[in-house]
Structure formats: C-alpha cells, structure tokens
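In what follows, a structure is listed as structure tokens, so that the remarks can point back to it.
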Amino acid sequence: MRYRKLGDTGLMVSEVSFGTIPVLQGSVPVLPDYYNLSEEQALAVMEHAFRLGCNLYDTAIVPEYGDAEPKLGKFASGGRREKIIISDKARFFDGNEMYMAVLESCENLGTCPDLYFVHQADWDHEEEIFRKGGALDALGQLKAEGRIRFAGLASHYYDILLRGAGDARVDVLQGSGNLLERGMLDRIREEPAFRRKGLLINKVYAAGILPAFFAPELLIKSVLSYPISSALIGIGSAEQADEAFGQEMGTEIPLPDFEQVLSVLEKEFLPIPCCRCQRCRCPYGTEIHTAFRQYNYFFLGKDHWSLRKLDMGIRESAGRCRKCADMPCLTDCPSRIRIPDEIQKIAELVESRKPQHFAPS
Ligand code: SF4
Ligand code: SF4
C-alpha cells in the first residue's frame with residue numbers, strides 16, 4: 001500500500017480507503033441492496049483491510065449507513081483508534097442540526113471522528129451550507145472545540161466542490177468518479193483551487209457495476225491517476241478487500257481512453273456518451289448528467305433502481321425539452337450530445353418498461 005497527503009491536513013492516507021456501506025446490516029433508503037454482515041464479520045473485514053495497509057475508514061451517521069457507524073467505532077476501540085483515520089458524515093445543512101449530528105456520531109462511534117463531512121451537498125441546500133451559521137460554520141466550531149480534526153464537504157456536483165475548494169473552512173472534499181464517469185475528475189485535474197484540499201473519491205466501481213466489465217485494478221488505478229488523496233471502495237468481504245488493497249500500486253498499467261471504455265460497454269447496449277463533466281446546465285431544472293447516468297445504469301444491471309429514479313421527473317423533463325426554443329444546454333457539451341433527443345429517448349424507455357417493472361407482485 002502507498003500513502004498520499006490529505007491536502008494540507010498533515011495526514012497521510014492510504015491510496016485506497018474503506019467505504020463502510022457493505023458492512024451494514026439491513027438496507028438503507030438510498031440504496032437498492034440489502035446487506036447482511038454481522039458485527040463480528042464486519043470487524044473481521046475491517047481488520048483484514050487494516051493488515052493490508054488501509055488506514056482510512058469512511059462511514060456516515062446512523063441511519064444513513066445503517067449500523068456501519070457503530071461497527072466502525074467498535075473496530076476502532078479494539079486497539080486500532082490511534083492507527084486509523086475515521087471519516088464520517090451527515091446530511092444536515094443547518095448549523096444547529098449539523099452540530100447535534102456530530103455529537104451523535106461521536107456517541108455512536110465511542111470516539112471523535114477525524115474528518116466530518118457535510119454529506120450530499122446539492123444545489124437546493126448550497127446556500128444554507130455556506131451561509132453564516134450554516135453547516136460549515138458548525139464544523140468550524142466543532143474543530144475549535146476539538147471534537148473533530150478536519151471539516152469536509154461531500155458532493156456529486158462539480159460547482160459545489162469548486163466552491164468548497166475556495167472556502168477556507170473546508171479542509172477535505174469528497175467527490176465521485178470512475179473510469180466511465182471521469183468528467184468531474186478531468187475538470188478537477190485542471191483546476192488549481194483543488195490542490196490544497198484533501199480529496200477522497202467514491203463511486204470508483206460505479207455502484208458495483210463496472211467490475212463486470214473492467215478489472216478492479218484498472219478501475220482503482222484509473223482514479224488514482226488523478227491528483228486525489230484516496231480512492232474509497234465499499235468493502236464487504238475479505239475477497240473484496242484483497243482485490244482493493246492487495247494491488248501492486250507501484251506498477252503502471254495502460255489506461256483506456258473514454259472511447260475505448262464506451263466500446264467495451266457497447267457490447268451490451270449503446271450508452272449515452274456522457275462523461276458527467278457537468279458543463280451542461282438546464283435552466284429549467286433537468287439534471288441532465290444524472291438522467292444520462294440512470295439511463296446507462298439501466299442497461300448495466302441496475303434496471304429497477306434506475307427506472308424508479310427516472311420515473312421521478314423524466315416525463316416532465318421531456319415535456320420541457322419539447323417546448324425549449326433556445327436549448328442552452330447544447331452549447332457546452334464537449335461530446336456534442338443531442339441532449340433533448342436523448343431526454344426524449346429516456347422518457348420513452350421509462351414509459352415502455354414501467355408496466356413490467358412496477359407491476360404489483
Ligand atoms: S433542451 Fe431540455 S435540457 Fe436543454 S436546456 Fe432546454 S429544457 Fe433544459
Ligand atoms: S451531457 Fe455533455 S456536458 Fe453534460 S455532463 Fe454529459 S458530457 Fe458533460
């Protein structure tokens with residue numbers, strides 16, 4: 001295992017780090033899967049990863065990641081606390097709520113986390129997070145009180161991460177990206193504002209989809225080829241830990257370009273060639289890159305989940321596109337994707353597949 005600087009925090013983190021979603025027991029609202037690890041099994045997997053060199057464990061407050069947070073606390077209390085970095089998060093945007101969430105997390109963990117992130121920061125809550133008295137101010141207060149060591153901002157949106165990169169209250173950022181959805185990573189590489197912040201990247205396996213097409217070694221090394229601190233991988237078994245942490249990290253392997261990645265997926269279906277760079281903006285509210293992701297994921301094994309998400313607005317998006325005269329989204333897409341046509345295509349897919357997917361059982 002190799003280690004990298006976590007921005008200006010002074011911490012060194014393993015290049016690959018442990019995402020704790022798969023060690024929870026039960027299901028969590030945001031995920032379609034059911035997980036089934038007992039406490040004993042979860043602790044054994046975390047220990048296995050530690051022995052392979054992992055020193056960063058990322059979790060979220062109960063119930064966001066089910067019971068993963070107390071399981072991580074239990075692991076830390078077994079003689080590992082001083083040797084690992086605990087990263088935690090909560091989806092609260094108001095300062096008071098965030099403050100209380102961190103206290104609750106400390107209780108669940110039985111220790112104070114090293115990093116604490118505002119989780120899933122989105123456009124609807126951006127101002128609340130950054131305003132005076134918002135969640136970032138609360139993390140600053142908790143830092144001053146010694147309850148956490150570093151404050152973080154986690155988001156799937158490039159513009160919000162960029163704003164965090166320019167904010168002195170933020171020490172660490174957490175974004176997403178992978179071999180296919182590399183657009184945000186490409187932009188981060190070009191933007192000097194990110195250089196001083198620690199940067200963790202999740203969704204390296206794209207919700208477990210990509211290992212069916214590409215070797216884990218390639219998926220991990222492709223993300224590590226960017227200027228990031230650590231690639232977060234969800235780990236639920238010793239085998240997965242071996243795959244993620246047992247790589248020969250020093251050895252170079254050729255990384256396929258975007259077209260080569262698409263050509264592999266084209267053996268299954270015709271993907272929308274969107275790298276999720278997020279340069280397109282729809283002023284009428286359609287989250288284009290997310291709709292395109294759901295479409296691609298639909299054909300890559302997440303059909304039910306994707307359809308459910310798309311059903312929550314794609315019809316309205318298609319209706320807006322039909323009336324859109326200026327189509328401003330088209331001007332910024334480097335891939336020249338015919339965005340409104342693709343939106344129509346997705347809406348038609350949802351309509352045609354809904355009866356079989358949502359039929360009462
Ligand atoms: S064409 Fe559709 S997606 Fe593009 S800006 Fe207009 S409404 Fe938004
Ligand atoms: S549609 Fe084009 S501009 Fe929008 S995220 Fe995808 S590649 Fe980027």
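Since this is a predicted model, take the numbers as computed values, not measurements. Indexing begins at 1, ligand by ligand and atom by atom, following the structure's order.
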Check [Y] with [X], please: is the shortest side-chain N to carboxylate O separation under 4.0 Å?
| X | Y | answer |
| --- | --- | --- |
| Asp67 | Lys71 | yes |
| Glu127 | Arg163 | yes |
| Arg80 | Glu47 | yes |
| Asp137 | Arg169 | yes |

Closest protein heavy atom to atom 6 (Fe) of ligand 2, given as residue, atom name and distance to 0.1 Å =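 In this structure, atom 6 (Fe) of ligand 2 has Cys274 SG, 2.4 Å as its nearest protein heavy atom.
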Closest protein heavy atom to atom 2 (Fe) of ligand 2, given as residue, atom name and distance to 0.1 Å =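 The answer is Cys333 SG, 2.4 Å.
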task = Return yes when Cys275 approaches ligand 2 closer than 4.0 angstrom through a heavy atom, no otherwise.
result =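 Yes; Cys275 lies near enough to ligand 2 that a heavy-atom distance drops under 4.0 Å.
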key: Contact with ligand 2 for Pro334, non-hydrogen, under 4.0 angstrom   =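 True for this residue.
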Out of all atoms in ligand 2, which are within 4.0 Å of some heavy atom of [X]? Include the element for each.
| X | answer |
| --- | --- |
| His289 | 5 (S) |
| Gln278 | 5 (S), 8 (Fe) |
| Arg276 | 5 (S) |

message = Within 2.8 Å of atom 2 (Fe) of ligand 2, is there any N, O or S atom belonging to Cys277?
response =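 No N, O or S atom of Cys277 is closer than 2.8 Å to atom 2 (Fe) of ligand 2, so no.
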Between the side chains of [X] and [Y], does any donor sit under 3.5 Å from an acceptor?
| X | Y | answer |
| --- | --- | --- |
| Gln278 | Asp159 | no |
| Gln141 | Glu145 | yes |
| His156 | Asp122 | no |
| Glu181 | Asn178 | yes |
| Thr20 | Tyr65 | no |

Parallel, tilted or perpendicular: rings of Tyr158 and Phe194 (30°, 60°) =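 Geometry flag for Tyr158 against Phe194: tilted rings.
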inquiry  = Nearest non-hydrogen contact with atom 3 (S) of ligand 2 belongs to which option: Pro273, Ser335, Ala291, Cys280?
reply    =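 Nearest option to atom 3 (S) of ligand 2, by heavy atoms: Cys280.
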task = Give every protein N, O or S atom lying under 2.8 Å from atom 2 (Fe) of ligand 1, naming each by residue and atom.
result =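 Near atom 2 (Fe) of ligand 1, below 2.8 Å, one finds Cys321 SG.
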Per-atom contacts of ligand 1 with Pro328, taking only distances under 4.0 Å to non-hydrogen atoms =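 With Pro328 as reference, the close atoms of ligand 1 come out as 5 (S).
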request  = Look only at the side chain of Asp257 and the backbone of Glu259, and say whether a donor-acceptor pair between them is shorter than 3.5 Å.
outcome  =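 Checking the backbone N and O of Glu259 against the side chain of Asp257, a donor-acceptor pair under 3.5 Å is found.
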